[in-house]
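Just so we're clear, the structure is a prediction, and the values are computed from it rather than from any experiment. Sequence lines set the chain letters: A, B, ... in the order given, protein chains first and strands last, and positions in each chain run from 1.
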There are 2 protein chains.
Amino acid sequence: MPRKTDKRVRLIEAAKVLIHQKGFNQTTLADIAQEADVPLGNVYYYFKTKEAIGEAVIEKRAVEFTEFFSKLDENSDPRARLMSLIQFGTEDLELTARYGCSVGGLCQELGKQGGSLADQAAKLLHDLLMWCETQFRSLGFGDKSADLALNMVSNIQGIFLLTHTFKDPKLAIRQAKVLQEWLEKLTTGVRGTTTSTTKQVAAEVA
Amino acid sequence: MPRKTDKRVRLIEAAKVLIHQKGFNQTTLADIAQEADVPLGNVYYYFKTKEAIGEAVIEKRAVEFTEFFSKLDENSDPRARLMSLIQFGTEDLELTARYGCSVGGLCQELGKQGGSLADQAAKLLHDLLMWCETQFRSLGFGDKSADLALNMVSNIQGIFLLTHTFKDPKLAIRQAKVLQEWLEKLTTGVRGTTTSTTKQVAAEVA
DNA sequence: GTCTATATACAGATAGAC
DNA sequence: GTCTATCTGTATATAGAC
């Protein structure tokens with residue numbers, strides 16, 4: 001592997017971490033260069049602008065999201081997949097308490113500024129939303145699926161914000177329990193395949 | 001009222017709006033001075049530092065929060081108060097879609113930086129959380145009240161973030177309906193006063 | 001109390017030697 | 001491809017006349 005790729009990767013990784021920790025605007029190119037052990041002036045050989053680095057970081061996040069969904073999809077039924085999603089939300093809580101959700105934080109910050117970076121960040125949350133909706137649809141919730149997905153992602157993002165605000169991982173633990181119970185009650189008697197019968201059951205429960 | 005107070009008030013109001021729109025770090029003193037129609041150099045007569053302006057803005061938000069709670073408390077029973085809170089979340093949604101939640105945004109941004117400003121911003125969300133918990137406690141939910149409050153505030157903050165991220169007020173409308181239905185089912189058969197009977201009912205429902 | 005001019009620091013970005 | 005030195009703009013903050 002040529003050093004070119006190596007440095008590029010290092011810069012993206014450094015930027016990814018620092019942007020999560022300090023936010024995009026508060027992260028300087030000097031910060032990134034230092035963290036990646038690359039001289040400041042050399043950064044511009046790999047990225048024309050700071051925005052280009054932001055773009056690369058979000059693309060990296062998108063790849064990680066895809067891998068994450070693949071992992072979740074290994075669960076045999078959609079209900080277990082959604083449960084896994086909630087479970088993963090209780091990992092790395094020290095990081096979440098310190099710096100909040102890496103994706104939610106980007107959407108919040110960049111959303112105010114508009115532009116293509118904001119759109120790219122929003123797509124990450126959109127993908128998560130769509131993934132959840134797919135699971136609910138597979139469980140037979142039909143037209144209710146979008147609302148259920150919205151409720152779930154909303155809940156997750158909200159508890160991340162509170163966990164960060166109060167610097168208290170226990171909040172996320174508590175809410176994860178609540179969310180899992182909600183999902184359990186919601187899917188009681190519902191199978192993972194979409195048939196006319198399960199659709200009726202799901203519609204009734206919802 | 002002396003002009004001194006007038007300019008101070010104008011600066012705080014301008015800062016409040018701009019910080020909501022652009023975030024604290026992205027709002028410059030020049031921005032604030034211009035918006036308040038005060039010469040840049042004069043700003044420092046009223047506030048020693050930019051942080052001092054941030055402090056004043058958060059204090060203003062705290063006052064508005066208190067007034068807001070007073071308004072909500074005008075409802076006769078706690079259930080109606082919580083319903084009102086959800087209802088208020090569906091007002092000014094164009095603003096929320098454009099700039100997100102003014103308080104949530106501050107907590108997110110300042111939380112990463114730490115310091116006293118972050119603590120002050122966090123206190124705003126804490127007050128909201130405590131207010132909600134008080135309502136649930138009045139409804140007889142006892143020890144479940146903290147979790148219910150957490151769930152509610154978490155949900156509200158989450159949907160604000162999504163509304164902002166996707167620039168779509170309809171999302172907040174949809175989720176408000178879901179939240180209200182949740183609250184309705186939760187409090188079915190529960191009265192607004194705390195007696196041993198209602199406590200049992202509430203505990204059972206929760 | 002008010003306001004212009006400016007000091008100081010640091011950000012993103014570039015030039016050009018190697 | 002790499003890296004030092006630096007340009008340019010802009011931010012917070014100050015000095016000091018009025």
Side-chain angles (χ1 to χ4, degrees), chain A residues 1-58 106 109-110 112-118 120-121, chain B residues 1-58 106 109-110 112-118 120-121:
Chain A
M1 188 181 280
R3 284 199 65 76
K4 171 182 176 175
T5 308
D6 192 32
K7 282 197 180 176
R8 211 190 131 86
V9 168
R10 261 157 52 207
L11 283 168
I12 293 174
E13 188 59 26
K16 198 186 74 175
V17 171
L18 287 168
I19 289 171
H20 182 202
Q21 292 179 349
K22 313 178 40 160
F24 178 74
N25 292 305
Q26 292 305 109
T27 300
T28 69
L29 292 170
D31 289 335
I32 296 169
Q34 186 174 28
E35 179 78 12
D37 201 36
V38 171
L40 177 57
N42 201 0
V43 171
Y44 288 91
Y45 176 76
Y46 298 97
F47 301 97
K48 258 197 282 288
T49 62
K50 184 184 179 183
E51 186 170 338
I53 296 186
E55 227 172 298
V57 166
I58 295 176
L106 272 179
E109 182 180 10
L110 301 177
K112 286 179 192 281
Q113 304 176 359
S116 64
L117 263 192
Q120 282 178 260
Chain B
M1 187 180 281
R3 283 197 67 75
K4 172 183 177 179
T5 309
D6 190 33
K7 280 196 179 176
R8 212 189 130 87
V9 168
R10 261 156 54 208
L11 283 167
I12 293 173
E13 187 59 28
K16 198 187 74 177
V17 171
L18 286 168
I19 289 172
H20 182 203
Q21 291 178 350
K22 313 177 40 160
F24 178 75
N25 292 305
Q26 291 306 110
T27 299
T28 69
L29 292 170
D31 290 335
I32 296 169
Q34 186 174 27
E35 179 79 11
D37 200 35
V38 170
L40 175 57
N42 201 0
V43 171
Y44 288 90
Y45 176 76
Y46 298 98
F47 300 97
K48 258 198 280 289
T49 62
K50 184 184 180 184
E51 186 171 338
I53 296 186
E55 227 172 297
V57 166
I58 295 176
L106 272 178
E109 182 180 11
L110 300 177
K112 286 178 192 282
Q113 303 174 202
S116 63
L117 263 192
Q120 283 179 258

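Overall bending of the helix from dG1(C)-dC18(D) to dC18(C)-dG1(D), expressed as the angle between end axes built from five pairs apiece, is 10° (10° steps).
Between Phe47(B) and Ala56(B), the closest heavy-atom pair is CE2-CB, 3.7 Å.
Formation of a donor-acceptor pair under 3.5 Å by the Thr27(B) side chain with backbone atoms of Leu18(B) is found in this model. No side-chain donor-acceptor contact under 3.5 Å links Lys7(B) to the backbone of Ala36(B).
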Next item on the list: Assign a letter to each nucleotide of nucleotides 7-13 of chain D from its 5' end: B, base within under 4.0 Å of a protein heavy atom; S, sugar-phosphate only; -, no contact.
Entry: ----SSB
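Regarding Asn42(A), its CG atom lies at a distance of 16 Å from the C1' atom of dG12(C), rounded to whole Å. In this structure, the CD atom of Gln34(B) is 15 Å from the P atom of dC3(C), given to the nearest Å.
Listed by chain and residue number, Asp31(B) satisfy the side-chain hydrogen bond (donor to acceptor under 3.5 Å, both in side chains) test with Thr28(B) (two or more places apart in sequence, or in another chain). Considering only residues two or more places apart in sequence or on other chains, Gln113(A) meets the side-chain hydrogen bond (donor to acceptor under 3.5 Å, both in side chains) condition with Asn25(A). The side-chain contact (heavy atoms from CB on, under 4.5 Å) check on Val17(B) picks up Glu13(B), Gln21(B), with sequence neighbours excluded. By the side-chain hydrogen bond (donor to acceptor under 3.5 Å, both in side chains) test, Lys50(A) is found to be paired with no residue, residues two or more places apart in sequence or in another chain being considered.
Side-chain atoms of Tyr45(A) lie closest to dT2(D) of the nucleotides dC3(C), dT2(D), dG1(C).
Contact of the Glu109(B) side chain with the Glu109(A) side chain is not registered, since no non-hydrogen atoms from C-beta on lie closer than 4.5 Å.
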